[in-house]
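Shown next, in structure tokens, is the structure this report addresses.
Given the structure is predicted, the values throughout are model-derived calculations rather than measurements. Any value given below was found using the heavy atoms of this structure, including those in side chains, with hydrogens, waters and symmetry copies removed. Reminder, nothing fancy here: chain letters follow the sequence lines and each chain counts from 1.
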Amino acid sequence: MELTTVWFVLVAALFTGYFVLEGFDFGVGALLPALGRDERERRTLLATIGPVWDGNEVWVITAGGAMFAAFPAWYATLFSALYLPLLAILVALILRGVAFEYRGMRDDPGWRARWDAAIVFGSTAPAFLWGVAFANIARGLPLAPDGDYAGGPLDLLHPYALLGGLVTLTLFVTHGAVFLALKTAGELRVRALRAAARVGPVAFVSVTAFAAWTLTVRASAASVVAAAAAVLALAAALAANRVRREGWAFLGTALTIGLLVVCLFAALHPAVLPSTLPTGDLTVSNASSSPYTLRLMTWVAAIFAPLVLLYQGWTYWVFRKRIHTGTADADHY
Amino acid sequence: MLVAVLQTVWVRTGDERYLRLTRFYGKLFLVNFAMGVVTGIVQEFQFGMNWSDYSRFVGDVFGVPLAIEALFAFFLESTFLGLWIFGWERLPKRVHLACIWIAAAGSTASAYFILAANSWMQNPVGYQVDPDGTARLTDFGAVLTNKVTLVTFPHTIAGCFLVAGALMTAVALWHLVRHGTEAFRPALRLGAWVTLAAAVAVAVTGDTQGKIMTEVQPMKMAAAEALYDTEQPAAFSVLTIGTLDGGQEVFAIKIPYLLSWLGTGDTHGRVEGVNDLQAQYAAQFGPGTYSPVIPVTYWSFRLMIGLGTLAAALALVALWSQRRGRVPTSRWLARASLALPLLPLAANISGWVFTEMGRQPWLVFGEMLTRDGVSRSVSLTEVLTSFTAFTLVYAALAAVEVRLLVRYARAGLPAPPSGPAAPPVTPPGTLPAAFAKEA
């Protein structure tokens, strides 16, 4: 396999990791006021992601870094084209991260309510905007002959992109609800299962519609298979959720998210950013770094990526227990 | 890292004072770290968003240290810090201690890679420019061992320790003066010694860095000194007043030979001036202005050195004031402790302003002008929106952060773990955990 293909797959894998992991963080954040009826419950909900959300977020930094190093032209065009959505995502992530850390630092209901609002905004906005961003990549952008974005901010908001936003939002909320069912107990767990059952069908309809629409925009054999598998996995997740098998349901929603990312990237390849103008696409070959850089980066990734998986996996193992409201576990978080 | 030291002392000696200090300073650290975490993403994204032509030009070289920083350092830092924050009861003592050390190592590694990236902009090495106009990496070893990186890294890390040491000293001093809290004495000593050692390290590395800069970016050092005409031997300016546009010197007090010695290691060394360098660069790169805004570089350079020195002097006074078990009571000292952490912080900021402004008009020295690196597809309105949004968000969060820091610094140490008011394992409100219920 060519190194450019290896790096295309790696960037896809990093985004997959990011959406699968941070997806449930976003879901938990968005569901905070809906599921947590009092302060103790809200603290329990946040405790489920407390030790891991920051590590999950590094996946997107690494995805950005990998894109920069391996495909500078892709990184440059895409990030400047998606200027305003990315700005909103950054501001939202800043507010959300600080809110996680600061909300417990003062014993004042008003203080906590303000940070809770920041958590809800900071989780909902990126959950929606990442869908908008990726739908735009799949659909392609108007590119000038020098490879720069030739459109304006409003060109990014068309029905397909908005549907993409709805997909990530509802899918992440479902994913988060199922995750909460897996990590909490008693009344909270039941409420989380119910939330998943309520949002899940909306996610199912939008995922199915989006997958079909994507395949009409561009498709490859692999992307058709991935799209079908994504829809099936979500159906299975919702079925498992109905019979309160949240472990299987979580696996299902995680697979759905992963398969959707695979579907988009498989449809793109060998383009990385298609042009909607006759200027020609950015592809794995014309957007990539030199063979020397790619070889070097491949070594770095081969050494460190398995290590990251190992110790992040260990973190999840350390904090594998369900969190019971009102116990030391929940109150300490 | 200082928190890690405190915790290590506790684990090794079992002295509960150090556990209380670990928890106390750990909390201050986390208040601050929360801001560091979330602003890191901005750094990684902004090159593509605001500097897309720059990204296209340098991605092959510059993207590499950035990607390694994320993959190697950020993951370590964030994952193990999460384990540390939430692992007090869940992990064995030594494993838990290892977590904060690994997180600290991750932060330090991250500083190395981001400084390697920055130093490449200051002094590009290990690359060639291809016919299509992009820079191509030819020797990554050269990028990692760039002489600017090798000196900037210890200089920056020492600067960080200067701030950390000063903060630790300041809070301990305040409590010792105001409340006579004996438990803070070890922290005061550790903090003050770290501040002093860091100050020496900053000075030594800064001196080396000055010499390297005189060699690789003579314009920056000439601008630091507002030295307009080449001198041999060159005098160090104590105070230079120039015209408002920074184009000319009006009045100056100088120490003869000193600049030659600082810049070249020889009291009779030749130091080139702004005007001569300008002529030289114009001949080399074509017509244009190749000097930075001189009043900014001149004053930021002086503020950096002056404020850093003042911080070290204050740390020395603090250490002296508590010699042989004395409890300082001077009101003046309590007041000084409030200024102490701000001085090295301001010095660090001045240092960055100096080194980045001093490189202007270059984005990559000798290769790309700042104005050629921007995203052409991004409109002025978008940039203004982003600038305003970040300014507002950062300003608001900074205000919140400072208030929280002051609040926790003032609250003082958590109750002793064996005390009657606190449960045996974790006193309420002392857990640095993100969502901890407050006492």
Side-chain angles (χ1 to χ4, degrees), chain A residues 43 46-47 50-52 54-55 57-58 60-62 64-66 68-70 72-73 75-81 83-84 86-87 90-91 93-95 97-98 100-107 148-150 153 289-290 292-293 296-297 300-301 304-305 308 311-312 315 318-319 331-333, chain B residues 30-31 34-35 37-42 44-45 47-50 52-53 55-56 58-60 63-64 66-72 74-75 78-79 81-83 85-87 89-91 136-138 140 375-378 382 385-386 389-390 393 397 400 404 426 431 433-438:
Chain A
R43 215 179 294 144
L46 290 173
V52 294
D54 187 12
E57 204 156 275
V58 176
V60 79
I61 307 183
T62 310
F68 193 0
Y75 169 77
T77 302
L78 184 66
F79 279 51
S80 54
Y83 197 83
L84 288 182
L86 285 179
L87 170 68
L90 286 174
V91 169
L93 291 182
I94 289 172
L95 292 175
V98 174
F100 282 150
E101 302 297 332
Y102 284 1
R103 85 178 285 283
M105 288 199 172
R106 280 182 59 180
D107 195 14
D148 246 332
Y149 178 54
S289 283
S290 66
Y292 173 80
T293 295
L296 175 79
M297 289 300 298
V300 172
F304 293 113
V308 169
Y311 62 70
Q312 278 213 335
T315 311
V318 170
F319 299 104
D331 274 357
H332 278 168
Y333 289 116
Chain B
L30 286 178
V31 171
M35 289 292 286
V37 165
V38 295
T39 49
I41 317 172
V42 180
E44 196 85 16
F45 278 28
F47 297 108
M49 291 169 69
N50 288 319
S52 59
D53 274 356
S55 301
R56 281 189 197 100
V58 300
D60 199 76
V64 177
L66 245 64
I68 298 181
E69 183 195 22
L71 183 62
F72 173 62
F74 283 165
F75 268 124
S78 59
T79 309
L81 200 72
L83 280 161
I85 299 173
F86 292 88
E89 277 86 43
R90 222 163 266 246
L91 294 168
R136 194 159 63 78
L137 184 62
T138 54
F140 187 57
S375 300
R376 280 165 298 137
S377 64
V378 175
E382 287 174 288
T385 311
S386 147
F390 279 121
V393 169
L397 291 179
V400 174
L404 270 180
T426 43
L431 200 79
F435 317 115
K437 191 169 83 170
E438 223 185 52

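For Val60(A), the parts lying near chain B are the backbone and the side chain together; criterion is any non-hydrogen pair under 4.5 Å. Tyr292(A) touches chain B through its side chain: at least one heavy atom from C-beta onward sits under 4.5 Å away, while N, CA, C and O do not. For Arg136(B), the part lying under 4.5 angstrom from a heavy atom of chain A is the side chain only. With a 4.5 angstrom heavy-atom cutoff, Leu90(A) touches chain B only via side-chain atoms. Neither the backbone nor the side chain of Leu81(B) comes within less than 4.5 Å of any heavy atom of chain A. Of the two parts of Asn50(B), the backbone and the side chain both hold a non-hydrogen atom closer than 4.5 Å to a non-hydrogen atom of chain A. Both the backbone and the side chain of Val300(A) come within contact range of chain B, with heavy atoms under 4.5 Å apart. Heavy atoms closer than 4.5 Å to chain A are found in both the backbone and the side chain of Val64(B). Using a 4.5 Å cut-off between heavy atoms, Ile94(A) contacts chain B through both its backbone and its side chain. Contacts of Phe390(B) with chain A are made by side-chain atoms alone, with heavy-atom separations under 4.5 Å and no backbone atom involved. For Val393(B), the part sitting under 4.5 Å from any heavy atom of chain A is the side chain, from C-beta outward, and nothing else. Of the two parts of Leu404(B), only the side chain, counted from C-beta on, holds a non-hydrogen atom closer than 4.5 Å to a non-hydrogen atom of chain A.
Using a 30° and 60° split on the angle between ring planes, Phe304(A) and Phe72(B) fall in the tilted class, from 30° to 60°.
Residue Tyr102(A) holds its OH atom at 9.5 Å from CG of Leu30(B), rounded to the nearest 0.5 Å. Summarising the geometry, atom CZ belonging to Phe79(A) is positioned 11.5 Å from atom OG belonging to Ser375(B); distances are rounded to the nearest 0.5 Å. Of the inter-residue distances, the one linking Leu66(B) atom CG with Thr62(A) atom OG1 reads 10.5 Å to the nearest 0.5 angstrom. To the nearest 0.5 Å, atoms CD (Glu101(A)) and CD1 (Ile85(B)) are separated by 5.0 Å. With rounding to the nearest 0.5 angstrom, the OG atom of Ser386(B) is 11.0 Å from the CG atom of Leu86(A).
With no hydrogens or angles considered, no side-chain donor-acceptor pair links Ser80(A) and Arg376(B) at under 3.5 Å.
In terms of modelled atom types and a separation under 3.5 Å, the side chain of Tyr75(A) and the main chain of Gly48(B) share a donor-acceptor contact.
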